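Okay, structure first, notes after.
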Amino acid sequence: MSESIAPRQPAPALGPDSTFQFVCHADLPCFTQCCRDVNIYLTPYDVLRLRRTLKIGSEEFLNRYTRHFLAKTTHVPVVQYALDPETLRCRFVSDRGCTVYPDRPWACRLYPLDLAEGGPERYRIMVNPDRCLGLLEANRMTVGEWLEHQGIAPYAAMEQAYYAVMPAGFKRGQWLDPGIGKLLFLAYDLDRVALLLQDRTVRRLYDLNEAQVAQLAGDDEALLRFAFRYIRSQLEQLLGDPS
Ligand code: SF4
Ligand code: SF4
């Protein structure tokens, strides 16, 4: 007897008050398997946190640990982990877990959740319980509690600041001029932003005195916010005021 197969409906998105059950621990057979053969896209703030904990510059980090390019059709900057080519494992995973855990990227913090379509603060469970056995553990919590536990707030705030510098009306997946893509890439490479601050013209244009430049040089988060300001003002010159 033939059976009609209805298309599978996507699970409804979760909001901050939705609950799900999950806990991850080293006794699970899947432990660290999620750090293998995976696409992990990094944000500018992820790069800042990782290269700081590794005590290397942004350029060295980008060259040693990532693949970075402008997306072929949209020209949006893409920075993703370069996995170990032989094992396909993240270069920061060990048998005991993540070696950069306090500074792990946003995507790793969210896991097993991911952002969902349909507006801000919408999430979905991105993996099946047969792969991520922690989803079968009896520990129920709200999405909001999970995000707080994972220290998501500064990552979300920096990403919001990054998207605020984009051209007016920009949406994920939208086409950008390649020159704008290169300009946006500056947010990932704070070594280059620090070099810009050595330029007298830049200091004058952004009204920065010696003390402010010294403060930016010693405060990565402030330097990233300056990078956003710089990018936005350059975009304003190219495109007119995006606000
Ligand atoms: S697959 Fe899920 S439960 Fe297993 S280690 Fe990864 S996050 Fe934890
Ligand atoms: S950064 Fe840490 S949590 Fe993320 S994939 Fe690598 S080892 Fe896993």
Side-chain angles (χ1 to χ4, degrees), residues 11 14 16 18-68 78-116 121-159 162 187-190 220-221 224:
L14 305 174
S18 310
T19 61
F20 70 113
Q21 62 183 70
F22 174 70
V23 71
C24 177
H25 56 82
D27 295 334
L28 292 168
C30 58
F31 188 60
T32 73
Q33 287 307 305
C34 48
C35 303
R36 186 183 171 279
D37 201 8
V38 63
N39 275 330
I40 295 180
Y41 295 97
L42 301 178
T43 68
Y45 188 57
D46 288 334
V47 171
L48 180 162
R49 292 279 295 252
L50 286 160
R51 67 116 192 111
R52 179 163 66 195
T53 199
L54 296 170
K55 298 184 173 45
I56 58 178
S58 58
E59 186 183 358
E60 183 177 353
F61 176 80
L62 290 164
N63 289 337
R64 276 178 65 179
Y65 295 108
T66 76
R67 297 176 61 233
H68 50 279
V78 176
V79 178
Q80 66 183 145
Y81 267 157
L83 303 176
D84 181 301
E86 284 174 15
T87 63
L88 294 184
R89 289 187 0 142
C90 171
R91 289 161 196 251
F92 301 120
V93 73
S94 75
D95 291 342
R96 288 188 298 154
C98 177
T99 59
V100 291
Y101 191 79
D103 295 287
R104 66 201 181 287
W106 188 11
C108 302
R109 287 168 193 267
L110 268 186
Y111 195 89
L113 301 184
D114 192 9
L115 298 177
E121 300 208 81
R122 307 309 290 166
Y123 303 91
R124 65 184 179 103
I125 294 175
M126 64 178 290
V127 62
N128 287 326
D130 56 345
R131 287 194 60 200
C132 176
L133 299 170
L135 288 165
L136 299 174
E137 298 282 294
N139 179 51
R140 189 159 276 280
M141 73 207 112
T142 66
V143 168
E145 286 167 342
W146 172 246
L147 299 181
E148 189 176 340
H149 180 257
Q150 291 297 299
I152 289 291
Y155 289 80
M158 281 299 191
E159 195 61 357
Y162 179 48
Y188 290 91
D189 193 356
L190 292 187
D220 294 327
E221 276 78 0
L224 181 55

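Note that the structure is a prediction, hence the values are computed from the model and not measured.
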**Request:** Please name the pair of heavy atoms, one in Arg91 and one in Ala82, separated by the smallest distance, quoted to 0.1 Å.
**Result:** NE-O, 2.7 Å

**Prompt:** Any donor and acceptor pair, going by atom type alone, linking the side chain of Arg104 with main-chain N or O of Arg109 inside 3.5 Å?
**Reply:** no

**Message:** Can you tell me how far apart CD (Glu145) and CZ (Arg140) are? Round to the nearest 0.5 Å.
**Reply:** 11.5 Å

**Complete:** d(Asp103 CG, Leu54 CG) to nearest 0.5 Å is 8.5 Å

**Message:** Treating Ser58 as the side-chain partner and Leu190 as the backbone partner, does any N or O pair qualify as donor plus acceptor under 3.5 Å?
**Reply:** yes

**Message:** Using a strict threshold of under 4.0 Å (side-chain N to carboxylate O), is an ion pair present between Asp114 and Arg124?
**Reply:** yes

**Item:** Minimum side-chain heavy-atom gap Met158-Thr43 below 4.5 Å
**Value:** no

**Complete:** Taken to the nearest 0.5 Å, the spacing of Thr66 OG1 from Gln80 CD works out to 8.5 Å

**Request:** Kindly say whether Phe22 contributes a backbone atom to a donor-acceptor pair with the side chain of Asn139 at under 3.5 angstrom?
**Result:** yes

**Request:** Kindly say whether Pro102 contributes a backbone atom to a donor-acceptor pair with the side chain of Arg49 at under 3.5 angstrom?
**Result:** yes

**Check: Gln33 and Leu28 side chains under 4.5 Å, non-hydrogen atoms** = no

**Asked** Arg64 versus Arg51: any side-chain heavy-atom pair under 4.5 Å?
**Response** no

**pair Phe92-Thr53: side-chain heavy atoms closer than 4.5 Å** = no

**Prompt:** Roughly how far, to the nearest 0.5 Å, is the CZ atom of Phe31 from the CG atom of Asp95?
**Reply:** 9.0 Å

**Request:** May I ask you to test the Arg52-Glu221 pair for a side-chain heavy-atom distance under 4.5 Å?
**Result:** yes

**Shortest non-hydrogen separation from Glu137 to Val23 and the atoms involved** = CB-CG1, 3.3 Å

**Asked** If only atom types and distance count, is the side chain of Arg89 paired as donor or acceptor with the main-chain N or O of Asp84 below 3.5 Å?
**Response** no

**Prompt:** Atom CG in Asp220, atom CG in Leu48: separation rounded to 0.5 Å?
**Reply:** 4.5 Å

**Request:** With the side chain counted from C-beta on, respond yes when Tyr111 and Cys132 share a heavy-atom pair under 4.5 Å apart, and no when they do not.
**Result:** yes

**Asked** Side chains of Cys34 and Val127: closer than 4.5 Å at any heavy-atom pair?
**Response** no

**Request:** Would you please test Ile40 and Asp46 for side-chain contact (heavy atoms from CB on, under 4.5 Å) and show each step?
**Result:** CA-CA 11 Å; Ile40 295 180; Asp46 288 334; over 6 Å; no

**Prompt:** Taking the side chain from Thr32 and the backbone from Cys35, do they hold a donor-acceptor pair closer than 3.5 Å?
**Reply:** no

**Message:** Surrounding CD of Glu60 (heavy atoms of other residues, nucleotides or ligands, distance under 6.0 Å), is the total greater than 12?
**Reply:** yes

**Asked** Partners of Tyr155 by ring pair (Phe, Tyr, Trp, His ring centres under 6.0 Å), sequence neighbours excluded?
**Response** Tyr45

**Prompt:** Once you round to the nearest 0.5 Å, how far does CD of Gln150 lie from CH2 of Trp106?
**Reply:** 13.5 Å

**Prompt:** Could you go step by step and tell me if Leu110 and Tyr123 meet the side-chain contact (heavy atoms from CB on, under 4.5 Å) rule?
**Reply:** CA-CA 9 Å; Leu110 268 186; Tyr123 303 91; 4.0 Å; yes

**Request:** Check whether any side-chain heavy atom of Thr99 lies under 4.5 Å from a side-chain heavy atom of Val93, and answer yes or no.
**Result:** no

**Nearest atoms (heavy-atom pairs only) where Tyr188 meets Pro44** = CE2-N, 3.5 Å

**Asked** For Met141 and His149, what are the C-alpha separation, side-chain angles and deciding distance, and is it a side-chain contact (heavy atoms from CB on, under 4.5 Å)?
**Response** CA-CA 10 Å; Met141 73 207 112; His149 180 257; over 6 Å; no

**Message:** For Cys90 and Val38: C-alpha separation, side-chain torsions, deciding distance, then whether side-chain contact (heavy atoms from CB on, under 4.5 Å) applies.
**Reply:** CA-CA 8 Å; Cys90 171; Val38 63; 5.8 Å; no

**Request:** Give me the ring orientation class for Trp146 and Phe20: parallel if the planes are under 30° apart, tilted from 30 to 60°, perpendicular past 60°.
**Result:** perpendicular

